[in-house]
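For reference, the structure discussed in these notes is given below.
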Amino acid sequence: MSHDIVGVRAQFPALKSGWAHFDGPGGSQTPQPVIDAIADALAGPLANRGVLTAGERNAEDRVAAARAAMADLLGAEPSGIVFGRSATQLTYDFSRTLAKGWAPGDEVVVTRLDHDSNIRPWVQAAQGVGVTVRWAGFDPDTGELDARDIAAQLSDRTRLVAVTAASNLIGTRPDIPAIAALAHERGALLYVDGVHHTAHAPVDLARLGADFFVCSPYKFLGPHLGVLAARPELLETLRPDKLLPSTDAVPERFELGTLPYELLAGTAAAVDFLAGMDPRVTGTRRERLLASFASLEHHEDALRRRIEEGLAALPGITVRSRAARRTPTLLLTFEGRDAADAYRHLAGREVAAPAGSFYAMEASRHLGLGDTGGLRVGLAPYNDEQDVDRLLEGLAAFLRTAP
C-alpha cells in the first residue's frame, strides 16, 4: 500500500499556482471534491433544519452526514460531535461551562508545549473562579513532554488537564493514553487539543482516553470550522449558557446559533477524501481512513527524513523538532540570521514556509526563542519530493546571501 501522490496532487487546484506549500500546519490547501461539496450545498435548496421542505431536509442531511463523518475520523459517536466556529471558540465555550463546577482550591493543569488556544481559555476561566493553574514544562533540548511532567503537577484537587496531542510548533506527540490514565486516577478530566495531530495520524477517542478532543477541518483539507468530540453521556452532564428557545438536546445544546451547513458539507467531503486517497482500499469509511493514514504517515515520514538529511548538510541551521514521536513538522532557526528573512527569501522562490511562534508562545519562550519562534516547515498529503528539493535549494541559496 502506498500514497498515490500524483493522484492526490491532481485534485488540488491551488497547486496549479506553482507554489510549494509547507504551510499546512497553519491551514492546508483544499481539494476539488471539498470545494464542490461546499458549492453544491449552497446551490441546492437550503433552509433552517426541519423535515417539511427540501431546503430543511437538505440542512438536516448536511448535519447528520458531517457528524457521521467526523465520528468515523475520530473514533467517536455521532451524537458526541459538536461543531463550532473554531477550535479556539469551542475551547473557550467549554472552559466557561466546566468552570461552573470549579471552586477555590481546585486546580487545572496546562502545559508549556501547547498552542495558546489550549492554555489561555483555561487560565482565564480558572482566574475567574479562583482556581489554581499549574504548569507542566517540557524538555527544551529534546522537545519531549513526558507523562511524568504532568504527574508532577497533579493532586486530588485537579479538575482538568489540558494537553496537546501534537505540538503545532515542533511536532512533539506526547503519550496521551498515559497522561489520560494519570489524570483519571486523580478524578480529573482530560481536554486534548488535536488540531495539529488530526492532520497526520489516526485518532481513536477511547484509545487516547481523552474526555474532550478538539480539531479543525481546515488543517486536514476541509473548510474553516471547529469540531469537538466527547462521549455523549459526558456532554449530558454539562449545562452551557444558551438561548431559551434553542434545543437542549445533545450535542445541539452546545451549538449556538445556526450551523454553517455548507461548511459541514465540506467537512464530510474532506473526511471522504482522506478515506479515499488509496482507491484500492475497501471496507467501511473508518477502515479506509485507517489505511489511508498508515500510507500517509509513511509518505510524510519519508519526506521529513529527506528534509532532515538535506538540512544536515547546510551550515548554521538548528532543527528544534527532536522528539522521538512527532508529526512531520520542523522548526528551524538560523545562526546569526532572522527566520523571517528566510521566510521572505523562500516566498520569493514560491516556497511557502512561514516564520513565527504560531500562537505557541509558551513553547517558543520555553525553547529560548522568545516570541519570534523560527521557520516552520510542515508537510501535508500533497507534498512531494520536488517540493522538498525546492525547499532545500531555497534554504541553501538563502544561506549564501549576505546577512
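Only a predicted model underlies this, so the values are computations on that prediction, with no experimental measurement involved. Reckoned from all heavy atoms, side chains included, excluding hydrogens, waters and symmetry mates.
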Listed partners of His200 passing ring pair (Phe, Tyr, Trp, His ring centres under 6.0 Å), at least two apart: His196

Those residues that, when tested against [X], pass side-chain contact (heavy atoms from CB on, under 4.5 Å) (two or more places apart):
{"X": "Thr237", "result": "Leu234"}
{"X": "Ala397", "result": "His345, Arg349, Arg400"}
{"X": "Asp106", "result": "Trp102, Ala103, Val131, Arg157, Arg159"}

Could you list all the ring-ring contact (aromatic ring centres under 6.0 Å, His included) pairs where at least one residue sits in [range], not counting sequence neighbours?
{"range": "residues 138-175", "value": "Phe138-His366"}
{"range": "residues 153-181", "value": "none"}
{"range": "residues 146-189", "value": "none"}
{"range": "residues 140-170", "value": "none"}

May I have all residue pairs that pass side chain to side chain donor-acceptor pair (under 3.5 Å) and include part of residues 258-274, sequence neighbours excluded? Asp272-Arg285

Give me each pair satisfying side chain to side chain donor-acceptor pair (under 3.5 Å) with a member in residues 164-179, each pair once, sequence neighbours excluded. none

Sequence neighbours excluded and cut-off under 3.5 Å, please list the side-chain donor-acceptor pairs for residues 6-13, or say none.
residue : atom : partner : partner atom : Å
Arg9    : NE   : Asp384  : OD2          : 3.4
Arg9    : NH1  : Tyr382  : O            : 2.7
Arg9    : NH1  : Asp387  : OD2          : 3.2

Return a table of donor-acceptor pairs under 3.5 angstrom between the side chains of residues 213-230 and protein atoms on other chains or two or more places apart.
residue : atom : partner : partner atom : Å
Lys219  : NZ   : Pro25   : O            : 3.1

